[in-house]
Amino acid sequence: TQSTWGHSECLFFFVVVTFPFISPSSLFSYFCPNHFKLCPYSMRALIGPPKDTIVPLDSLDEVQALLEPILEFLRSKRCYDFLPASTQVVVLDVDLPLKDTFAVADEHNVTFATLWDRRERKYCGMMTVTDFIHILLQHHDSPQSVQEFMNLPIRTWRDQRTRTSKVDAILQCGPEDSLFTALNLLLLNKVHRIPVIEPVTQTLLYVLGRKILLQYFAADFPLSSPLFSYSIMDLEVGTFGDIHCLKTTDSVLQMLQRCMETSLSGLPVVDEDGRLVEIFARYDIIYVAKEVEKDLSIRFSEIVKRRPVTPIYVCSKTDSLGSVFTHLMRSGVQRLIVVGEDERVEGVISIGDIVKLLFRYVKKEEELEAVAKKAKEEGQPSALAEGTLEPSASPASESGAV
């Protein structure tokens with residue numbers, strides 16, 4: 001019937017379709033036949049990339065020539081080109097109490113925030129989940145000590161970190177810097193994100209991360225290059241073999257210590273037979289932070305109950321770079337767990353590993369720093385001068401950037 005608002009009124013209904021005598025894994029496999037599997041050990045969905053045609057790689061020497069057009073594309077794009085139409089930027093005053101910092105992170109569902117020093121009137125760094133992990137590990141023997149420390153301002157924490165480790169000024173790039181520059185800065189400094197700050201007015205435009213950068217790259221650069229048809233095993237992308245795995249019986253404290261020791265932001269969780277059942281990420285500590293006592297002795301199984309149920313994204317070492325790259329972008333995760341036919345963990349591949357592949361033959365860090373210093377002396381505005389290709393001694397993976 002026609003309503004007074006000028007549109008047709010409709011009745012909504014649902015159709016329930018039943019599949020008799022079909023198991024849950026078969027039901028989901030009906031809709032995702034190529035890349036869905038239900039893990040029988042944890043009843044979690046294991047989602048891998050669709051299978052495609054793999055081209056055998058005769059020699060790694062072929063890779064260098066295939067990377068050159070990609071690097072030229074990265075050099076041709078500016079950070080300003082990736083400025084989103086709408087974005088959320090969280091900026092915190094360094095005199096804000098630490099407890100409010102992580103409350104804001106939880107409320108806005110972010111894992112980082114840019115810090116502002118009103119005394120110096122400039123951006124001075126970033127606060128991330130890793131900082132909270134350092135605080136918990138430093139005071140985990142005394143929950144009361146954690147509560148007292150969380151009442152202190154961020155500035156106090158930064159001052160302590162400066163005395164115990166090297167804390168540099170904020171790493172940043174400008175809107176006119178190329179995508180090549182931004183990715184290279186992230187790679188050389190082993191960080192996940194970098195603020196884009198307008199140099200004249202010191203205005204924070206947005207924060208670029210490796211995942212966002214590669215998403216824009218995937219949207220603009222065709223993945224038709226033969227490079228993306230080679231398997232990740234042939235390209236030696238990722239970490240294979242001796243993988244640091246966690247047990248379901250491990251405490252949160254043990255898991256956090258292992259993450260910090262290995263510099264990994266996520267680790268696979270396996271059962272007694274080495275089969276993948278879960279994945280632990282640093283961001284999971286947020287679910288501990290919500291508890292007043294912040295007890296790190298609790299088992300990982302308690303964390304699983306508090307966090308949302310999400311699939312485990314996996315791949316195999318014979319999958320192509322293109323399918324793995326697309327799978328990472330579509331799933332929105334930082335890493336894929338490489339598993340075999342029996343769900344045993346064989347490796348890990350991360351966004352950081354793919355960035356490392358793109359820059360495998362770029363000049364070494366010290367040479368790039370010399371070029372950047374020269375560019376600065378000549379008054380060039382770029383944060384880091386463009387690099388050129390040269391053979392690398394070793395293509396080894398660095399999944400520490402997971």
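This chain uses plain numbering: 1 for the first residue, then up along the sequence. It should be emphasised that the depicted structure is a prediction, and the values quoted were computed from it without experimental measurement.
- Classification of the F359-F180 ring pair by plane angle, with boundaries at 30° and 60°, yields tilted.
- The CZ atom of F132 lies 13.0 Å from the NZ atom of K99; values are rounded to the nearest 0.5 Å.
- The two residues W157 and H134 have their closest heavy-atom pair at CH2-CB, 3.5 Å.
- Contact detail for D271 and K247: the closest heavy-atom pair is O-NZ, 3.4 Å.
- Remark: K122 engages no residue in a side-chain hydrogen bond (donor to acceptor under 3.5 Å, both in side chains) (not counting sequence neighbours).
- The pair D81-R78 meets the salt-bridge criterion, since a charged nitrogen lies less than 4.0 angstrom from a carboxylate oxygen.
- Pairing each heavy atom of R158 with each of L115, the nearest pair is CD-CD1, 3.6 Å.
- Surrounding CZ of R344 are more than 12 heavy atoms belonging to other residues, nucleotides or ligands, all under 6.0 Å away.
- Legend: residues meeting side-chain contact (heavy atoms from CB on, under 4.5 Å) with T201, ordered by chain and number and at least two apart, are E198, T203.
- Here the closest non-hydrogen pair linking Q172 and I197 is OE1-CB, 3.5 Å.
- Residues Y123 and Q202 come closest through the heavy atom pair CE1-O, 3.3 Å.
- Defined by atom type and a distance below 3.5 Å, a donor-acceptor pair is present between the side-chain atoms of S350 and D353.
- Distance check: N189 CG to L171 CG gives 4.5 Å after rounding to the nearest 0.5 Å.
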- Item | L186 and V191: CA distance, side-chain angles, deciding distance, side chain to side chain contact (heavy atoms under 4.5 Å, CB included) verdict | CA-CA 5 Å; L186 293 174; V191 294; 3.6 Å; yes
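- Counting heavy-atom neighbours within 6.0 Å of H244 NE2, excluding the residue itself, gives a total of 12 or less.
- No hydrogens or angles considered: nothing links the side chains of T326 and S323 as a donor-acceptor pair under 3.5 Å.
- Annotation for E72: atom CD counts as buried by contact number, over 12 foreign heavy atoms lying within 6.0 Å.
- Here D177 contributes atom CG and L185 contributes atom CG; the two are 7.5 Å apart, rounded to the nearest 0.5 Å.
- Checked against side-chain hydrogen bond (donor to acceptor under 3.5 Å, both in side chains), D273 has the following partners two or more places apart in sequence or in another chain: R275.
- Under the rule for a side-chain hydrogen bond (donor to acceptor under 3.5 Å, both in side chains), the partners of R282 that lie at least two apart in sequence or sit in another chain are T130.
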Show me the donor-acceptor pairs within less than 3.5 Å that the side chains of residues 226-234 make with the rest of the protein, sequence neighbours left out.
unit_1, atom_1, unit_2, atom_2, d
Y230, OH, E62, OE1, 3.1
S231, OG, D234, N, 3.1
S231, OG, D234, OD2, 3.2

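- Residues satisfying the side-chain contact (heavy atoms from CB on, under 4.5 Å) test with P153, not counting sequence neighbours, are T156.
- Between the CZ atom in R193 and the CG atom in L208 there is a gap of 11.5 Å [rounded to 0.5 Å].
- The side-chain contact (heavy atoms from CB on, under 4.5 Å) test with R258 is passed by exactly one of D250, L253, L246: L246.
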